[in-house]
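All figures in this text were calculated on a predicted structure; none of them were measured in a lab.
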Amino acid sequence: MQSRFQGIRALATGVATGALAAFWGASAFAEDLIGQPTDGSMLMQPGVTPLKHQAIWFHDVILFPIITFITLFVAVLLAICIIRFNKRANPVPAKWSHNTSIEIAWTLIPVMILVVIAVFSFQLLFKYHDMPKPYMTVKATGYQWYWGYEYPDQKIPEFISNILPEDKAKAAGVPYRLAATEPLVVPVNQTVQVLTTGADVIHAFAVPAFGVIMDAVPGKVNSTWFKVDRIGTYYGSCRELCGTDHAFMPIEVKVVSQADFDAWVASKKHAAPPVAAAPAAAPAATPAAATPAAASTTKPAAPAAATH
Ligand SMILES: [Cu+2]
């Protein structure tokens, strides 16, 4: 089953990539920046994870050709109707109203198209769901309006990642509104599980090059994962309208070698006292976490009331 899929996929990839390259000009692919948007780019950001590779394949080889075909087909039908069957060209319309074979065809063909889309789309959904055994877990908490990252496996407490101010971003030559004060650092070629949650309202953790987007909902922990195949800096952003500064809570992920990651973990641990000075931010989280527990111990009715 799997190998047949791969055979079909290889064939279809060749055809679709050829067609796309001819259409957009092959050079457009080469110029796309890795890990951030490119001005004037027509397609999705290049992928650096298995999930994104497959998502791009699903779009380029399955969805995009189908959408293109349907759009052109309907446009041609419309044009035929407008030109050949307008009042002047065709003053006396035909009177017939049923054609069984056409009706069977226009029911069955769309069903088959949807089945094809469903098969490949479920394949991709299962892949998202089937996380390999993760090397480590990162907890990403969305706040109004910044991210907090915690590394439970490495015992690194939550640190805050703010947007890098415009002057500093310009000075450092990094993209403003994508660069952060403290990046999320992860090792290359390792499965990283990301647990997302929201501290105040719903946010969403999204990194296009990873093909990852996951809601960060208060009172709920969602899980997603990525395994990046090359070292680099990858940018994302909050993807759920979360208030005034929604556009100013970027996600910066630095993917580094295992040695660099271990060194970073060690430096983070030595930097523990300054990080502990972050209680300025912690109190905001603690009462919120403490309240439901306190409420549930005092009055069972209280949590239910709080949810309304
Ligand atoms: Cu947000």
Side-chain angles (χ1 to χ4, degrees), residues 1-3 5-6 9 13 34-35 44-63 117-142 147-159 161 183-199 202-240 250-258 260-262 264-265 268:
M1 189 68 167
Q2 191 65 30
S3 64
F5 265 130
Q6 276 159 358
R9 189 185 296 176
T13 307
I34 305 286
M44 285 190 280
Q45 276 187 38
V48 293
T49 64
L51 291 180
K52 181 66 170 191
H53 291 314
Q54 192 168 332
I56 289 177
W57 182 90
F58 180 56
H59 171 266
D60 288 0
V61 179
I62 304 294
L63 286 184
I117 293 177
V119 166
F120 289 103
S121 132
F122 281 130
Q123 216 195 355
L124 182 57
L125 276 176
F126 290 152
K127 196 161 181 176
Y128 269 86
H129 182 261
D130 293 341
M131 174 176 65
K133 194 176 184 312
Y135 165 75
M136 57 177 274
T137 297
V138 166
K139 185 181 166 206
T141 307
W147 289 95
Y149 301 126
E150 184 184 333
Y151 291 62
D153 299 330
Q154 284 76 15
K155 309 265 184 298
I156 298 174
E158 183 177 61
F159 60 88
S161 181
L184 180 67
V185 181
V186 296
V188 71
N189 287 325
Q190 295 280 18
T191 300
V192 178
Q193 180 182 29
V194 184
L195 299 177
T196 65
T197 190
I202 303 177
H203 302 267
F205 182 90
V207 183
F210 298 175
V212 156
I213 171 164
M214 184 51 74
D215 275 358
V217 183
K220 185 172 171 11
V221 176
N222 285 333
S223 167
T224 186
W225 64 279
F226 57 76
K227 184 178 179 182
V228 183
D229 58 25
R230 66 189 96 161
I231 288 170
T233 303
Y234 306 93
Y235 298 106
S237 52
C238 180
R239 282 287 185 84
E240 187 68 61
I251 295 162
E252 177 178 346
V253 186
K254 267 204 158 53
V255 178
V256 298
S257 68
Q258 187 68 47
D260 286 352
F261 178 72
D262 295 340
W264 177 82
V265 169
K268 227 33 194 173

Euclidean distance, Thr191 OG1 relative to Lys133 NZ, rounded to 0.5 Å: 10.0 Å

Contacts of type side chain to side chain contact (heavy atoms under 4.5 Å, CB included), residue Gln193, not counting sequence neighbours: Met131, Pro134, Thr137, Leu195, Ser223

Those residues that, when tested against Phe205, pass ring pair (Phe, Tyr, Trp, His ring centres under 6.0 Å) (two or more places apart): Trp147

Side chain to side chain contact (heavy atoms under 4.5 Å, CB included) involving Glu252 - partner list, sequence neighbours excluded: Ala179, Ala180, Pro183, Thr233, Tyr235, Lys254

Ring geometry between Phe159 and Tyr151 (parallel below 30°, tilted from 30 to 60°, perpendicular above 60°): parallel

Closest heavy-atom pair and its distance - Pro208, Arg239: CG-NH2, 3.4 Å

Working for side-chain contact (heavy atoms from CB on, under 4.5 Å), residues Trp225 and Val194: CA-CA 6 Å; Trp225 64 279; Val194 184; over 6 Å; no

Under the ring pair (Phe, Tyr, Trp, His ring centres under 6.0 Å) test, residues paired with His53 that sit two or more places apart: none

Sidechain-backbone polar pair: Thr197 side chain, Val217 backbone, donor-acceptor under 3.5 Å: yes

Contact summary for Thr49 and Asp229, nearest pair of heavy atoms: N-OD2, 4.4 Å

Verdict with supporting geometry, Val265 and Ile156, side-chain contact (heavy atoms from CB on, under 4.5 Å): CA-CA 8 Å; Val265 169; Ile156 298 174; 4.2 Å; yes

Pairs satisfying side chain to side chain donor-acceptor pair (under 3.5 Å), at least one member in residues 202-214, at least two apart: Asp200-His203

Atom pair OH/CE of Tyr128 and Met214 - distance to nearest 0.5 Å: 9.5 Å

Side chain to side chain contact (heavy atoms under 4.5 Å, CB included) involving Val188 - partner list, sequence neighbours excluded: Ile231, Val255

With sequence neighbours excluded, residues passing side chain to side chain contact (heavy atoms under 4.5 Å, CB included) with Gln190: Tyr135, Pro187, Gln258

Residue pair Gly35 / Ala209: nearest heavy atoms and the distance that separates them: CA-CB, 4.1 Å

side-chain hydrogen bond (donor to acceptor under 3.5 Å, both in side chains) partners for Lys220, two or more places apart: Asn222

Residues in ring pair (Phe, Tyr, Trp, His ring centres under 6.0 Å) contact with Tyr234, at least two apart in sequence or another chain: Phe210

Any Arg230 side-chain heavy atom under 4.5 Å of Ile34 side chain: yes

Closest non-hydrogen atom pair between His59 and Met44, with its separation: CB-CE, 3.4 Å

CG-CD distance between Asp262 and Gln154, expressed to the nearest 0.5 angstrom: 8.5 Å

Approximate separation, where rounding is to 0.5 Å, of Glu240 CD and Ile202 CD1: 6.0 Å

Gap separating the CD1 atom of Ile117 from the CD1 atom of Ile62, nearest 0.5 angstrom: 8.5 Å

Shortest non-hydrogen contact between Val256 and Val185, atoms and distance: CG2-CG1, 3.8 Å

Pairwise distance OG(Ser121) to CG(Leu124) - rounded to 0.5 angstrom: 7.0 Å

